[in-house]
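First comes the structure, then the notes that go with it.
All residue numbers refer to positions in the sequence shown, counting from 1.
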Amino acid sequence: MAAELSGQQKSDRLSAIVRLRVLVSYLGEKDQFDWWHTAFLSATGRRFLEFNFPRTVLSAGVGSVSEAAKEIHDERIGRSGVFHLFRLPHSLEQDVHAILTSDSKNDLMPLIKDRNSAMDALSALAEDEAKCAQGPVRVAGLGQLTHRPSIRKMAACYQHAFEQGFLSFPYFTAE
C-alpha cells in the first residue's frame, strides 16, 4: 500500500502546480511567446489591473490569462474527460485560487519579472525531464496530476515548446 503524503508534500506539489500555471500564463502572453493574445501579466498589464484589483493583482492577471489559455488548450485537446494546467478538477482550482490570493503571491511575482527569469524557473520545474512532442501530449491519468513526475513532464513540455517555437498541450485523462 502506498504511503500517505504528508501535508507538507501536498502543499509543495500544489505550489509547484501554481508556479507552473503562473509561468506558462506569463510566457504564453503576446509579449513573450504569443500563444494567447493577452498582456495582463506584463508590467503594464499589472499596473492596469492594480486600479481595480489592488490586493489581488496576480490572481486577477493569472485568472484572466488562464481563460485565454484554457480556450486554446480545449480547442486542441477537447473538453470531455480530459484535464490540463488550465482546466483542473474543481477542488484543485479552488486550491490554486487560494494560493494566488494569499501572501504566497509575493513569492510568485519575481518569477515573472522578465522572460529569462520565467524560463529559468520553468527549467527548474522541469528538472531535466525528457523533451515533449508538438501538439497534445498525454501525461498520465488524472490521479497522477499532482505527482512530481507529472509536474516535471508538464513543465518540460512547455519549456521545450517555448524554446523550439511550437505549441505543446500536456493533458491528463479521466480514469
Side-chain angles (χ1 to χ4, degrees), residues 9 12-43 45 58 61-89 92-93 95-96 99-100 104 107-175:
Q9 287 172 316
D12 290 347
R13 290 178 182 182
L14 182 58
S15 293
I17 290 171
V18 171
R19 282 194 312 276
L20 184 57
R21 183 180 279 188
V22 169
L23 290 166
V24 174
S25 294
Y26 172 77
L27 289 167
E29 287 197 302
K30 67 181 177 181
D31 291 343
Q32 286 19 277
F33 291 97
D34 198 22
W35 285 21
W36 29 86
H37 302 291
T38 62
F40 289 106
L41 296 174
S42 68
L58 183 63
V62 171
S64 298
V65 175
S66 291
E67 286 303 311
K70 179 169 51 174
E71 184 176 318
I72 290 171
H73 279 68
D74 286 349
E75 286 173 3
R76 295 297 302 271
I77 300 167
R79 292 178 178 90
S80 181
V82 295
F83 295 88
H84 51 76
L85 183 60
F86 299 99
R87 179 182 295 285
L88 299 171
L92 271 177
E93 286 289 353
D95 292 340
V96 167
I99 289 173
L100 287 172
S104 64
D107 299 331
L108 297 169
M109 291 300 280
L111 298 176
I112 58 172
K113 72 178 182 176
D114 59 46
R115 183 175 169 161
N116 290 335
S117 298
M119 285 299 291
D120 289 345
L122 184 59
S123 177
L125 280 174
E127 298 180 25
D128 295 323
E129 179 71 28
K131 306 294 186 226
C132 274
Q134 185 171 346
V137 176
R138 183 183 182 277
V139 175
L142 182 58
Q144 303 293 309
L145 193 146
T146 59
H147 292 200
R148 202 163 160 212
S150 296
I151 296 168
R152 281 195 313 258
K153 182 73 170 177
M154 283 192 294
C157 285
Y158 289 117
Q159 177 191 9
H160 186 64
F162 289 138
E163 289 173 347
Q164 298 303 312
F166 62 76
L167 300 176
S168 185
F169 303 98
Y171 69 94
F172 297 83
T173 51
E175 298 171 309

Starting at [atom1] of [X], measure out to [atom2] of [Y] and round the result to the nearest 0.5 Å.
| X | Y | atom1 | atom2 | result |
| --- | --- | --- | --- | --- |
| D12 | I17 | CG | CD1 | 11.5 Å |
| H73 | W36 | NE2 | CH2 | 5.5 Å |
| D34 | L27 | CG | CG | 12.5 Å |
| L92 | R13 | CG | CZ | 12.5 Å |
| K131 | Q164 | NZ | CD | 8.0 Å |
| I99 | L58 | CD1 | CG | 11.5 Å |

I'd like a table of donor-acceptor pairs (distance under 3.5 Å, sequence neighbours excluded) in which one partner is a side-chain atom from residues 76-88, with atom names and distances.
{"residue": "H84", "atom": "ND1", "partner": "F86", "partner atom": "N", "Å": "3.1"}
{"residue": "H84", "atom": "ND1", "partner": "R87", "partner atom": "N", "Å": "3.3"}
{"residue": "H84", "atom": "NE2", "partner": "D74", "partner atom": "OD1", "Å": "2.8"}
{"residue": "R87", "atom": "NE", "partner": "D74", "partner atom": "OD1", "Å": "3.1"}
{"residue": "R87", "atom": "NE", "partner": "D74", "partner atom": "OD2", "Å": "3.3"}
{"residue": "R87", "atom": "NH2", "partner": "D74", "partner atom": "OD2", "Å": "2.3"}

Problem - Atom CZ of R138 with >12 non-hydrogen neighbours under 6.0 angstrom - result: yes
Less than 4.5 Å apart, any side-chain heavy atom of [X] and any of [Y]?
| X | Y | answer |
| --- | --- | --- |
| L122 | L20 | yes |
| S64 | T38 | no |
| R21 | S66 | yes |

Exercise for the section: Check the pair F33, M119 against side-chain contact (heavy atoms from CB on, under 4.5 Å), reporting the backbone distance first and the verdict last. Expected result: CA-CA 11 Å; F33 291 97; M119 285 299 291; 4.0 Å; yes
Taking [X] for the side chain and [Y] for the main chain, is one N or O donor matched with an acceptor at less than 3.5 Å?
| X | Y | answer |
| --- | --- | --- |
| E29 | F40 | yes |
| S150 | T146 | no |
| S168 | A133 | yes |

Practice task
For the pair F172 and M154, evaluate side-chain contact (heavy atoms from CB on, under 4.5 Å) and give the outcome as yes or no after the intermediate values.
Solution key: CA-CA 10 Å; F172 297 83; M154 283 192 294; 3.5 Å; yes
Handout entry: Sole residue of V18, V96, L100 in side-chain contact (heavy atoms from CB on, under 4.5 Å) with V62
Key = L100
Fill in the blank from the handout: Closest non-hydrogen contact found for F166 with W35 is O-CZ2, 3.2 Å
